[in-house]
Amino acid sequence: MKTIFIITLFFLFVSFPPDVPAQDYTNLNLPEGVKLRIGKGRITAIAYSPDSNQFAVASTVGIWKYDALTGEELNFFMGHKNRISSMCYSPDGKTIASGSWDNTVRLWDAITGQHLKILTGHRDHVLTVCYSPDGKTIASGSWDNTMRLWDTSTGEHLKVPTGHRYGVSSIYFSPDGKTIATPIGNRVQLWDINTGKLLKTLTEHTDSVNSICFSPNGNTIVSGSSDNTLRLWDASTGELLKTFVEHTDSVNSVCYSPNGGTIVSRSSDNTLRLWDASTGELLKTLSEHADGVNSVCFSPNGDIIATGGVDGTVRLWSTTTRRHLKTFIGHKHEIKTVLFSPDGLTILSRDSGDTLRLWNAITGQLLKTPTGYQGRINTITFSPDGNTIASGSWNDTMRLWDTATGQLLSTLAGHKHGIETVLFSPDGKTIAGGGWDGTVRLWDATTGQLLNTLTGHGYNIDIFSFSVDGNTIATANSRDTVRLWDVSTGKLLKTLTGRTCHISSVFFLADGDIIATGSSIAAEGDEGAVCFWDANTGQLLKTFPNENVARVYFSVDGQTFACIYDGDGTGSTGSLFSATTGQLLKEIFGNAGGIISVEFSPDGKTIATGNDDGTILLWEVP
């Protein structure tokens, strides 16, 4: 996204006609078999329009355009087959260019959102796109180790400057349009735009260069590197002028303000720093985002800095007072957990930023965000009547919340390490918590009284299931056996042996006489399996081998199970199987990302997947 800052050099006022109303992204361009999308995806880039009145936010789903003053959503563009990695406005503000992991560059009408052109030729992810100052040329860089130049009017491929040995992650035109700067390893290289000839190499960084930027007057270049420094160079001679050393981790993005007086840098140390470009003095450190900043952009008039956070928010800052002005929400972290309420009308989600959200399962509308919890949340669950939410945390506590109000009801303490799994008994009177201390603790859900502590597993307990009548609980972890316990006495009843390595799920089927388990490795040398056991005798009844399976989930009635597979770099995928015959029913895939969590609706007709692109997808079950 570093190259989006080219727009800050061109302060052109354009007159925009009224914007087209934003399209309904919840139903637009859905993968086959999906009936609803919830969430806007994770932020990957931000770009201001040249008149500073609007800004565009690219995410793992598409491109949103917002009113910079009110935050109103104006339009939504979608068409890429994978996540967007870079985006920029044309100098006249009429077009937006985006580069994607689908190996293409796309051009969009910035007013209507209409798709104009697809530029193809890259053989790997496009990492960066950039307009020339006159708007006639687009430069793109890719993981295929090439930089390509394109004619914006025809889409014709013009030139491929050669010599890159690494992926090209940042490109910047000089203000006169005659030179392009790109990072190559720990060096910055300057290229002649007309001949493609290498002009100069800047070689003082000791680790990879991640971002570069020309000053508005073209006299200097700033670069940010994984050696934790910014370096300032004379653009004509290549002489090193200054080194900035305040960051404590990799500097991933650098940019000049439109007047050239300020440099902003973004680092993996979760800070955004403002520097005086002439003296090198540190002016301000901005660190309001909970989990760091992954994109940053000056408004072309220089009054505002927009930052896109890993926490899923867009924040606007005044460059004069350096104070926080406004926050736009709606984009998300990756979705770690999704749960249907018992009536199937509500979805509860937990993202990697440990935010809980309640959604309408029919419309996708956000209903509520419960607040007040402390410590990182590992697990969440509904009570059988849907009135209570239980969460387990790294701070060794379990918390109960009122679903309707989001109010904290009680806190249960006792585990000596983080809680990995929580679950209500079928009658809702007991709640179980499995922790990193190797125990399962049973509590009275009404009074909070500790009823029993189950010990015997040697490792953390992250998987368990109550029997249908609530009298038995089956517990497991990824490196141990499956054990059956009497809930009332805490007595160990039975241990299931054989084909129980790397258990990812355990589930009592509806009749209570059969237990189903899923494992990524069923036994030494095996790939993985779904197994069915007699709950009374512990006898293994049936096995469905399944290669490369990472996690297994069962429908409420036990008739269907979903297997999620580890991805090959493009994200995890999943398949649905009949629990009776083992027959493949349907293959499901994430949308521009992998599947992290899965939940069947109570009626078994819908599957919700939480994806690493920050969205929840609702799939129809055949």
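Along the sequence shown, residues carry numbers from 1.
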Is it true that the side chains of Thr609 and Trp619 contain a donor and an acceptor less than 3.5 Å apart? yes
Say whether, by atom type as modelled, one donor and one acceptor occur between the side chain of Asn471 and the main chain of Val487 under 3.5 angstrom. no
Does Asp124 offer a backbone N or O that forms a donor-acceptor pair with the side chain of Ser142 under 3.5 Å? yes
Is it true that a side-chain atom of Thr615 and a backbone atom of Arg37 form a donor plus acceptor pair closer than 3.5 Å? no
Could you measure the distance from the CG atom of Leu358 to the OG atom of Ser349? Nearest 0.5 Å is fine. 8.0 Å
Given His80, His122, Arg83, the one that forms side chain to side chain donor-acceptor pair (under 3.5 Å) with Asp102: His80
Is there a donor-acceptor contact under 3.5 Å from the side chain of Ser268 to the main chain of Asp249? no
Modelled atom types, side-chain donor and acceptor of Ser85 and His125, under 3.5 Å: no
Please determine whether the number of non-hydrogen atoms from other residues, nucleotides or ligands lying under 6.0 Å from atom NZ of Lys494 exceeds 12. yes
Test item: Thr381 side-chain N/O and Leu423 main-chain N/O as donor-acceptor pair under 3.5 Å: no
Here the gap from Asn536 atom CG to Gln539 atom CD, rounded to the nearest 0.5 Å, amounts to 11.0 Å
Determine the interplanar angle of the Phe577 and Phe561 rings, folded into 0 to 90°, and report it as parallel if under 30°, tilted if 30 to 60°, perpendicular if over 60°. parallel
For the NZ atom on Lys491, are there more than 12 heavy atoms of other groups (residues, nucleotides or ligands in this structure) within a distance under 6.0 Å? no
To the nearest 0.5 Å, atom CD of Gln365 lies from atom OG1 of Thr346 at 11.0 Å
Do any N or O atoms from the side chain of Ser383 and from the backbone of Gly428 form a donor-acceptor pair under 3.5 angstrom? no
